[in-house]
Structures are given as C-alpha cells and as structure tokens.
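Below is one structure; the comments refer to it alone.
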Amino acid sequence: LDKAMAYYDALLGSADWQKMYDNPRGGRLYANGASLFGVFTPFDGNAATVGNGTMCGFGFESAEKAAAFHAKGLELGGTNEGDPSDRGNGATFGYFRDLDGNKLCVYHFDMPA
C-alpha cells in the first residue's frame, strides 16, 4: 500500500490531482475537482488483487497532456500496454499498468468546433 500511494502521489500529482483524505484504515483518496480516485486497503479485509477486466480512465484536455501522464506512469515503473495514439474520430487513447498490475487508460477527445 505504501508503494502504491507513493506511485500515485507522484503520478496524480503530475496532473495536478490533490491528496484529499488519508484513510485511518490505510490508503488515500485523491481529487482533481471533477473526479475522485482512491487507493485503499480492501474494505472486506481480504488481500488486494488486480481486477480482471477492471480499468480506470483519466481524461485530459489535450493529447499532449494524456501522453505526458502515460509517460510519467512508465517513468515511475509502470508497464506500457499501448502508447497514446489516435484511435479514430479524434480520440486518443493510451494504456499502462501500475506497479501492482492495475490497468490504467489515458484519453483525450478532439471535439469538433
């Protein structure tokens, strides 16, 4: 849990997310004004595991910022699952896994004017 919190402190901090709350049972809640992200000890008391088919997405106002967040995740020890790239119709997506193997997505949509 300490390694996960250090990873997300640096990763989310690079995108201006703030630490919102430290849980006395273990873990931390982060916020960016529109969304929340939590790293916690499981409520049921069982060991934390990687979710099968679970993925969290982080949206950005530009493809460049999405790519920078992806790069930061890799710099901190994450594993690349697909570089950010145009997936058609102005949608940019990229994928990586954190230190525990959880899959994360970065994305940006170019909206027509």
Side-chain angles (χ1 to χ4, degrees):
L1 187 59
D2 289 337
K3 283 173 53 177
M5 288 190 306
Y7 180 86
Y8 282 106
D9 284 353
L11 180 62
L12 296 173
S14 75
D16 297 325
W17 285 62
Q18 304 299 314
K19 296 176 205 174
M20 186 173 168
Y21 171 76
D22 283 327
N23 189 324
R25 292 185 333 111
R28 183 168 290 143
L29 184 66
Y30 304 85
N32 74 349
S35 299
L36 299 172
F37 184 85
V39 176
F40 296 110
T41 301
F43 184 77
D44 65 7
N46 291 321
T49 61
V50 175
N52 183 22
T54 302
M55 180 175 61
C56 295
F58 295 90
F60 292 90
E61 60 271 5
S62 72
E64 293 78 18
K65 287 186 178 184
F69 191 80
H70 181 272
K72 184 68 172 183
L74 301 182
E75 174 189 319
L76 293 168
T79 305
N80 193 1
E81 289 279 320
D83 290 328
S85 63
D86 186 340
R87 308 295 173 142
N89 295 325
T92 297
F93 284 89
Y95 305 92
F96 64 103
R97 292 188 184 269
D98 70 8
L99 300 179
D100 294 311
N102 298 297
K103 192 169 186 180
L104 304 173
C105 168
V106 298
Y107 65 90
H108 168 73
F109 295 106
D110 281 327
M111 303 308 265

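Just so you know, residue 1 is the first one in the sequence shown, and it goes up from there. Just so it is clear, the structure is predicted and the values come from calculations on it, not from any experiment. The basis for the numbers below is simple: all heavy atoms, side chains too, and nothing from hydrogens, waters or symmetry mates.
Considering every non-hydrogen atom in both Cys56 and Phe37, the closest pair reads SG-CE1, 3.8 Å. The nearest pair of heavy atoms linking Ala47 to Pro42 is C-CG, 4.0 Å. Here the closest non-hydrogen pair linking Pro84 and Ala67 is CG-CA, 3.8 Å. Contact between Met55 and Cys105 at its shortest, heavy atoms only, is SD-CB, 3.7 Å. Taking both residues in full, the closest heavy atoms of Ala63 and Thr92 are given as CB-OG1, 3.8 Å, listed atom of the first, atom of the second, then distance. Taking all atoms of both residues into account, the shortest heavy-atom contact from Gly101 to Val50 is O-CG1, 3.4 Å.
Partners of Ala15 according to the side-chain contact (heavy atoms from CB on, under 4.5 Å) rule, which considers only residues two or more places apart in sequence or in another chain, are Trp17, Phe60, Phe69. Here Glu81 pairs with Tyr95, Arg97, Lys103 under the side-chain contact (heavy atoms from CB on, under 4.5 Å) rule; sequence neighbours left out.
Counting heavy atoms from C-beta on, the side chains of Asn89 and Phe109 never come closer than 4.5 Å.
Residue pairs satisfying the salt bridge (charged side-chain N to carboxylate O under 4.0 Å, His left out) criterion with at least one member in residues 25-43, sequence neighbours excluded, are listed as follows: Asp9-Arg28, Asp22-Arg28.
With no hydrogens or angles considered, a side-chain donor-acceptor pair links Tyr8 and Asp98 at under 3.5 Å.
Rounding to the nearest 0.5 Å gives a distance of 9.5 Å between NE2 of His70 and CG of Leu104. Taking CG from Leu12 and CG from Asn32, the interatomic distance works out to 9.0 Å, rounded to the nearest 0.5 Å. For the atom pair CG of Leu99 and OG1 of Thr79, the computed distance is 8.0 Å after rounding to the nearest 0.5 Å. The CG atom of Leu76 sits 12.5 Å away from the NZ atom of Lys3 when rounded to the nearest 0.5 Å.
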Report task. Given side chain to side chain donor-acceptor pair (under 3.5 Å), test Asn102 with Asp100 step by step and report yes or no. Result -> CA-CA 6 Å; Asn102 298 297; Asp100 294 311; 4.5 Å; no
Query raised in the report: Step by step, would you call Phe58 with Leu11 a side chain to side chain contact (heavy atoms under 4.5 Å, CB included)?
Result: CA-CA 11 Å; Phe58 295 90; Leu11 180 62; 5.9 Å; no
Report task. Give the intermediate values and the outcome of side chain to side chain contact (heavy atoms under 4.5 Å, CB included) for residues Val39 and Leu1. Result -> CA-CA 8 Å; Val39 176; Leu1 187 59; 3.8 Å; yes
Requested in this report: List the steps, then state whether side chain to side chain contact (heavy atoms under 4.5 Å, CB included) holds for Tyr30 with Met5.
Outcome: CA-CA 10 Å; Tyr30 304 85; Met5 288 190 306; 4.2 Å; yes
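No donor-acceptor pair closer than 3.5 Å links the side chain of Tyr21 to the backbone N or O of Gly27. The backbone N or O of Asn46 lies less than 3.5 Å from a partner atom in the side chain of Asp44, making a donor-acceptor pair.
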